[in-house]
Amino acid sequence: MEVVNTITALRSLLGPIKLAKQKIALVPTMGALHKGHLSLIDLAKQQADFVVCSIFVNPTQFTDPKDLEKYPRPLEHDLDMLRTSGCDLVFMPPVKEMYPKPENWHIDLGPAEFLLEGEFRKGHYQGVTQIVKKLFDAVTPDLAFFGQKDFQQVLMIQKMVNYFSMPVRIITCPIIREEDGLAMSSRNIHLSAEDRQDALVLSKALYYVRDHFASLNIPELLQEARAMIQSTPGVELDYFTIADGATLMPVLDKGESNIVALVAARVGQTRLIDNMILS
Ligand code: PAF
């Protein structure tokens, strides 16, 4: 497995792969890798000839400087995991490589940018799409893999790809959960033993909604799910919604074909998100 830090080195390694018309997959990450990331690498290996993983903690997508500062960066551990995963190339640029000069990035991501995460983390998706565009330009992958856990992120990245008509296929991969249901996340590392226990209410509420989707109406489902979370001490609910998977607008009609439940909450000092596709 090669590890490179510059776009020039990355391009010179990818040149022969492209000349040989091999399919290149990119798995963009911010490091602090877990089994969820490995599942992305695994799926990427099944669908492409050459897998690139990027590790870059992107400053422009953090709305809180403290959050950026405390973001976990266990680099050696990440590289060990990637070596055993069968990843072919790791791109690990310093900030100056991706942002040689300050840039004002603003593109139209549509109204869904401002909902849910966009409401709580203003400008977040401008930062996410800015770095993903830079990574796509550097790697020019045929396929790029993202986790469904960041449901809204995948939607925003697809918008960006459409906006620039980029020839890359976005693949959404299923959420990987711990045995007790907690969605895997790099941020779980910050949970105390008590927080870890409290955090389970998020997946429990999602499973409740999934299991009662046929028998209860949407206001009843929302009421029960929100009550479960709000009655858990140590958990502060930001939102629990049942929404259209394309627009993220709340839905009232269970007959729609693309319905997803999405939740975000602060558990102790850590903000977690999760979701479940209902139809
Ligand atoms: O999901 C993430 O880890 C990040 O938002 C991403 C897509 C790598 C962009 O920095």
Side-chain angles (χ1 to χ4, degrees), residues 25-30 40 54 56-64 67-68 98-99 102-175 183 185 206 209 218 221-222 237-265 271-279:
L26 173 65
V27 180
T29 81
M30 297 207 298
L40 303 184
S54 61
F56 181 69
V57 183
N58 173 40
T60 69
Q61 72 188 73
F62 284 81
T63 42
D64 174 1
D67 198 22
L68 171 61
M98 301 315 282
Y99 297 104
E103 284 167 51
N104 282 326
W105 167 275
H106 196 274
I107 63 165
D108 182 6
L109 296 168
E113 180 196 349
F114 306 105
L115 303 173
L116 309 181
E117 287 308 288
E119 198 183 326
F120 286 87
R121 305 171 75 187
K122 301 242 184 294
H124 173 65
Y125 290 116
Q126 292 297 329
V128 169
T129 52
Q130 179 179 30
I131 190 61
V132 173
K133 167 78 163 55
K134 282 171 180 281
L135 292 168
F136 284 178
D137 285 344
V139 177
T140 57
D142 299 283
L143 309 163
F145 292 73
F146 296 90
Q148 182 206 310
K149 191 176 81 65
D150 294 291
F151 190 92
Q152 190 172 5
Q153 167 168 283
V154 185
L155 215 60
M156 294 296 103
I157 290 169
Q158 186 63 63
K159 288 260 183 226
M160 181 276 288
V161 164
N162 297 348
Y163 185 93
F164 292 107
S165 306
M166 298 187 93
V168 52
R169 191 145 67 85
I170 303 298
I171 315 273
T172 312
C173 308
I175 297 176
S185 162
L206 289 168
V209 167
I218 287 185
L221 292 166
L222 286 173
L237 180 63
D238 281 346
Y239 58 82
F240 190 107
T241 183
I242 297 178
D244 180 295
T247 63
L248 300 182
M249 292 296 284
V251 290
L252 286 173
D253 175 8
K254 288 196 296 181
E256 282 191 27
S257 61
N258 182 10
I259 302 183
V260 59
L262 301 116
V263 62
R271 192 163 179 284
L272 298 179
I273 58 172
D274 198 353
N275 66 78
M276 196 161 286
I277 292 170
L278 301 173
S279 75

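Here the structure is a predicted model, which is why all the values come from computation and not from measurement. One is the number of the first residue; the rest follow in order along the sequence. Just so you know, these numbers use all the heavy atoms, side chains as well, and skip hydrogens, waters and symmetry mates.
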- prompt: Under the side chain to side chain donor-acceptor pair (under 3.5 Å) test, which residues partner Arg121, sequence neighbours left out?
  reply: none
query: Tell me the salt bridge (Lys or Arg N to Asp or Glu O under 4.0 Å) pairs involving residues 148-157, sequence neighbours left out?
result: none
field: Minimum heavy-atom distance Leu40-Phe145, with the two atoms named
entry: CD1-O, 4.0 Å
task: Could you list the residues that satisfy side chain to side chain contact (heavy atoms under 4.5 Å, CB included) with Glu119, not counting sequence neighbours?
output: Lys122
- line: Nearest heavy-atom contact between Val251 and Ile259 is CG2-CG2, 3.8 Å
query: Going by the side-chain hydrogen bond (donor to acceptor under 3.5 Å, both in side chains) test, which pairs reach into residues 164-174, not counting sequence neighbours?
result: none
field: Contacts of Gln153 that satisfy side chain to side chain donor-acceptor pair (under 3.5 Å) - sequence neighbours left out
entry: none
query: Which atom pair, heavy atoms only, marks the closest approach of Gly127 to Asn58?
result: O-ND2, 3.1 Å
message: According to side chain to side chain donor-acceptor pair (under 3.5 Å), who are the partners of Ser54, at least two apart in sequence or on a separate chain?
response: none
message: Using the salt bridge (charged side-chain N to carboxylate O under 4.0 Å, His left out) criterion, which residues pair with Asp244? Sequence neighbours excluded.
response: none
message: Distance check, rounded to the nearest 0.5 Å: Leu155 atom CG versus Glu117 atom CD?
response: 13.0 Å
task: Kindly give the heavy-atom pair with the smallest separation between Tyr125 and Gly118, and that separation in Å.
output: CE1-N, 4.0 Å
message: Restricting to side chain to side chain donor-acceptor pair (under 3.5 Å), what partner residues turn up for Asp238, sequence neighbours left out?
response: Arg271
- prompt: Which pairs pass side-chain hydrogen bond (donor to acceptor under 3.5 Å, both in side chains) with one or both residues in residues 129-147, sequence neighbours excluded?
  reply: Lys18-Thr140, Thr60-Gln130, Glu103-Lys134, Trp105-Thr129, Lys133-Asp137
- request: Please name the pair of heavy atoms, one in Ala264 and one in Leu237, separated by the smallest distance, quoted to 0.1 Å.
  value: O-CD1, 3.5 Å
- prompt: Rounded to the nearest 0.5 Å, how far does CD1 of Ile157 lie from CG of Asn162?
  reply: 12.0 Å
For a quick test of your reading: what N or O donor-acceptor pairs under 3.5 Å do the side chains of residues 106-116 make, sequence neighbours left out?
| unit_1 | atom_1 | unit_2 | atom_2 | d |
| --- | --- | --- | --- | --- |
| Asp108 | OD1 | Gly110 | N | 2.9 |
| Glu113 | OE1 | Gln126 | NE2 | 3.0 |
| Glu113 | OE2 | Gln126 | NE2 | 3.2 |

query: To the nearest 0.5 Å, what is the distance between CD (Gln148) and CG (Asp274)?
result: 9.0 Å
- request: Please round to the nearest 0.5 Å and tell me the distance separating atom CG of Leu26 and atom CD1 of Ile171.
  value: 12.0 Å
- prompt: Val154 and Gly147: which non-hydrogen atoms are nearest, and at how many Å?
  reply: CG2-O, 3.6 Å
- request: Determine whether Gln61 and Met30 make a side-chain contact, defined as any pair of heavy atoms from C-beta on separated by less than 4.5 Å.
  value: yes
message: Can you tell me how far apart OH (Tyr239) and CZ (Phe120) are? Round to the nearest 0.5 Å.
response: 7.5 Å
message: With salt bridge (Lys or Arg N to Asp or Glu O under 4.0 Å) as the rule and sequence neighbours excluded, what pairs involving residues 250-264 come up?
response: none
- prompt: With Val260, which residues qualify under side chain to side chain contact (heavy atoms under 4.5 Å, CB included), at least two apart?
  reply: Phe151, Leu262, Asn275, Ile277
task: Please test Met160 against Val132 for side-chain contact (heavy atoms from CB on, under 4.5 Å), starting from the C-alpha separation and ending with a verdict.
output: CA-CA 9 Å; Met160 181 276 288; Val132 173; 3.9 Å; yes
